[in-house]
Each structure stands twice: as structure tokens, then as C-alpha cells.
Asker: 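Here it is, the structure, as C-alpha cells.
Residue numbering restarts at 1 for every chain, and letters A, B, ... go by the order of the sequence lines.
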Amino acid sequence: MSSNLLNPSFYKRTAKEVARSLIGTILVSRIAGLRVSGMVVETEAYLATRDAASHGTQGPNRKNRSMFGPAGRAYVYPIHARYCFNAVTGIEGIASAVLIRAVEPIDGIKVMQQRRQRESLKLLTSGPARLCEAFALNRQQDGISLTTRRTTWLEQNPAFTADPKSLRATRRIGVTSAKNLKLRFVLRGNLFVSGPRYLG
DNA sequence: CCACGGATGCGCT
DNA sequence: GCGCATCCGTGGA
């Protein structure tokens, strides 16, 4: 049971490795007494070096501080009046993280529908800010540990076997710099992957 | 299915 | 003001 919980050493790797490894794992939140979960099907890595799109490139400030913290904590930031959720990776003091861009809903679908004000399963969690709303993630979760089962965490999924053919790397979505790096990972063909179909 | 434009709040110039 | 790791509704193929 608790052996499924992803531990700090899982996150103490490069953002690219962690982004790839997170595909197929299970994201869980238990907030306001409501538990929801989903399988991670899309991630993006934001690197410690040579990545102009990373929020860490300007050095630490109040907004991005948790990105410089120890691996296995959350980095939640606001954008366009919404929130996006990251897992911090790598070495403490150097900013790197993995953005969770989409999950496939598993438990708590009614709760997600209520929070999202939508019925359609496809629109509940297919996008970084959509899944934050469905999982009730916001700045209150910024900096919290993901390696205890407190409010938000990630688990290994025993039912999922990573078929290398189903894992695909593409360019990241929405970034205005470092566009050409292939740091987005998706489960090929999964209905809940965000963005245009031709990107994989 | 895809492209487009407007809305949204925050931090910085 | 403006940019932003976004979302949603609309309109056309």
C-alpha cells in the first residue's frame, strides 16, 4: 500500500528522466476531505540548465522559490488566472521540475465534475490548469511535500507496464522560448492527452 | 477536427 | 501597460 508512494529518490534525478518516469503513475489529492485520483498521461520537463522556458532561469524569487527546494515537493504557480502543478526534481538549490499536463480520471469523478462545472470526462483533467481545478490544487499546495500521503502525492501504478512504444516525446506546448526541445512526454493515443492530436 | 480571439490575475517594466 | 508553462466559445472545413 504505502510502498507504492513515490519517494524522494524517485524525484532526485533530472527533470527529463522524472518526466518520462511519471507517465503511468497515479496522482492523488485529498483536500477538504475529498479524495480524487488519476493516471498521469502527459508531462513536461523544465531543466536545470540551458532551458530559457524554465521559471528558474532568473534565479530564486518569491514566486518560484519552491522550484529551488528539495526534490519531491510541489511547485504550483499561477498563470492566466489559473494554476499549474509541478513536481520539483533534481538537486536542492538548482531549479528543475516536471509539469503535470494531463491525467486520466480514476477516482472521484463526481467531485471533479462539480469542481470543474462540467460533465464531459475529456474536459475534466486534459490540461495543466484543468487538472489543478479538478484536484483542487492552488498556491496553498506550493512547496508541500509530495512524499507523504498528506494532501497531494504520486503513487506507482502496479497495473501499468511501460510499453516503450506507447511513450512519445514531443516539443512542449505553449512555451515561447526553447520551443524545439523535446521535453513533453505523452502516452500515445490516450484520450486525455491535451493539445492538438498531431503533436502525439 | 482545427484556428482564432477574448478573458482572466499576477508580477514585472 | 504587457507577457504569460491557459481555457473556452465560436466558426469554418
Side-chain angles (χ1 to χ4, degrees), chain A residues 11 14-20 22-23 27 38 40-69 71 73-90 94-105 112-143 146 152 154 168-186 188-200:
Chain A
Y11 299 98
T14 66
K16 186 174 178 178
E17 284 179 283
V18 175
R20 196 173 39 221
L22 278 175
I23 298 293
L27 176 67
V40 176
V41 299
E42 178 182 0
T43 60
E44 280 178 1
Y46 288 84
L47 304 182
T49 58
R50 292 189 217 91
D51 183 2
S54 169
H55 290 172
T57 52
Q58 310 296 344
N61 54 45
R62 188 166 70 257
K63 191 168 121 181
N64 67 10
R65 191 180 55 190
S66 53
M67 213 179 160
F68 290 80
R73 294 199 188 170
Y75 167 49
V76 184
Y77 69 90
I79 185 169
H80 295 286
R82 302 182 176 261
Y83 295 97
C84 293
F85 171 83
N86 295 249
V88 175
T89 57
I94 299 175
S96 72
V98 174
L99 172 69
I100 310 295
R101 284 197 56 92
V103 307
E104 174 175 338
M112 298 190 209
Q113 287 169 324
Q114 197 146 34
R115 287 172 175 164
R116 291 276 299 126
Q117 296 289 104
R118 260 168 198 72
E119 294 287 312
S120 155
L121 287 190
K122 158 82 181 166
L123 294 176
L124 290 184
T125 54
S126 61
R130 287 173 178 163
L131 76 87
C132 278
E133 191 171 32
F135 280 66
L137 303 176
N138 55 48
R139 273 242 122 185
Q140 292 194 341
Q141 277 70 49
D142 184 51
L146 303 174
T152 309
L154 285 140
R168 182 159 176 182
T170 78
R171 306 217 277 241
R172 294 176 293 187
I173 289 184
V175 295
T176 53
S177 49
K179 294 177 200 271
N180 291 330
L181 302 178
K182 291 197 174 172
L183 293 173
R184 173 174 172 258
F185 297 90
V186 301
R188 168 128 77 169
N190 185 281
L191 177 64
F192 297 91
V193 170
S194 79
R197 226 198 220 358
Y198 58 79
L199 268 177

Asker: With sugar-phosphate meaning primed atoms plus P, OP1 and OP2, does A:R172 contact a base, only sugar-phosphate, or nothing at under 4.0 Å between heavy atoms?
Answerer: nothing
Asker: Are C:dA5 and A:Y77 stacked, with the base six-membered ring and the side-chain ring centres under 5.5 Å apart and planes under 30°?
Answerer: no
Asker: Is the shortest heavy-atom distance from the side chain of A:S54 to the side chain of A:M67 under 4.5 Å?
Answerer: yes
Asker: Within the structure shown, what part of the strands sits under 4.0 Å from A:R184 by heavy-atom distance: base, sugar-phosphate, or nothing?
Answerer: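 The residue A:R184 makes no contact with any strand.
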Asker: A:R101 side chain N/O closer than 4.0 Å to the phosphate oxygens (OP1, OP2) of C:dT6?
Answerer: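 Yes.
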Asker: Looking at A:K179 and A:R171, would you say the former's side chain and the latter's main chain have a donor-acceptor pair under 3.5 Å?
Answerer: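 No: the side chain of A:K179 does not pair with the backbone of A:R171.
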Asker: If I take atom CD1 in residue A:I79 and atom P in nucleotide C:dT6, what distance separates them, rounded to the nearest angstrom?
Answerer: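 The distance from CD1 of A:I79 to P of C:dT6 comes to 5 Å, rounded to the nearest Å.
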Asker: Can you tell me which nucleotide in C:dC8, C:dA5, B:dG11 comes closest to the side chain of A:K63?
Answerer: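 My answer, after comparing the listed nucleotides, is B:dG11.
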Asker: Tell me whether the OP1 or OP2 atom of B:dC12 has a side-chain N or O from A:R62 closer than 4.0 Å.
Answerer: no
Asker: Between P on B:dA7 and CZ on A:R82, what's the gap in Å once rounded to a whole number?
Answerer: 14 Å
Asker: Please work out which residues in residues 119-139 of chain A have a non-hydrogen atom less than 4.0 Å from an atom of DNA chain C and list them by number.
Answerer: A:G127, A:P128, A:A129, A:R130
Asker: Other residues, nucleotides and ligands only: do more than 12 of their heavy atoms fall within 6.0 Å of NZ on A:K182?
Answerer: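 Check fails, neighbour count at 12 or below.
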Asker: What do you reckon, is CZ of A:R139 surrounded by more than 12 foreign heavy atoms closer than 6.0 Å?
Answerer: yes
Asker: Heavy atoms from C-beta onward define the side chain here; which of B:dT8, C:dT6, C:dC8 lies closest to that of A:A81?
Answerer: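 Closest nucleotide to the A:A81 side chain: B:dT8.
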Asker: For a quick check, tell me whether the side chain of A:H55 and the base of C:dA5 share a donor-acceptor pair closer than 3.5 Å.
Answerer: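 Answer yes: a donor N or O sits under 3.5 Å from an acceptor.
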Asker: Tell me whether the OP1 or OP2 atom of C:dA5 has a side-chain N or O from A:T176 closer than 4.0 Å.
Answerer: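 Result: yes.
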Asker: What do the steps show when you test A:R172 against A:D51 for salt bridge (Lys or Arg N to Asp or Glu O under 4.0 Å), and what is the final call?
Answerer: CA-CA 12 Å; A:R172 294 176 293 187; A:D51 183 2; 2.9 Å; yes
Asker: Salt bridge check: are A:E133 and A:R116 linked by an N-O gap of less than 4.0 Å?
Answerer: yes
Asker: Using the rule given for side-chain hydrogen bond (donor to acceptor under 3.5 Å, both in side chains), can you reason through A:R73 versus A:S66, listing the C-alpha separation, both sets of side-chain angles and the distance that settles it, and then say yes or no?
Answerer: CA-CA 8 Å; A:R73 294 199 188 170; A:S66 53; over 6 Å; no
Asker: Mapping A:G174 and A:R116 to their closest nucleotides on DNA chain C, which lands nearer the 5' end?
Answerer: A:G174
Asker: Considering only side-chain heavy atoms of A:N61, which listed nucleotide, B:dT8, C:dT6, B:dC12, is closest?
Answerer: B:dC12
Asker: When the distance from CD of A:Q58 to C1' of B:dC10 is rounded to whole Å, what number comes out?
Answerer: 16 Å
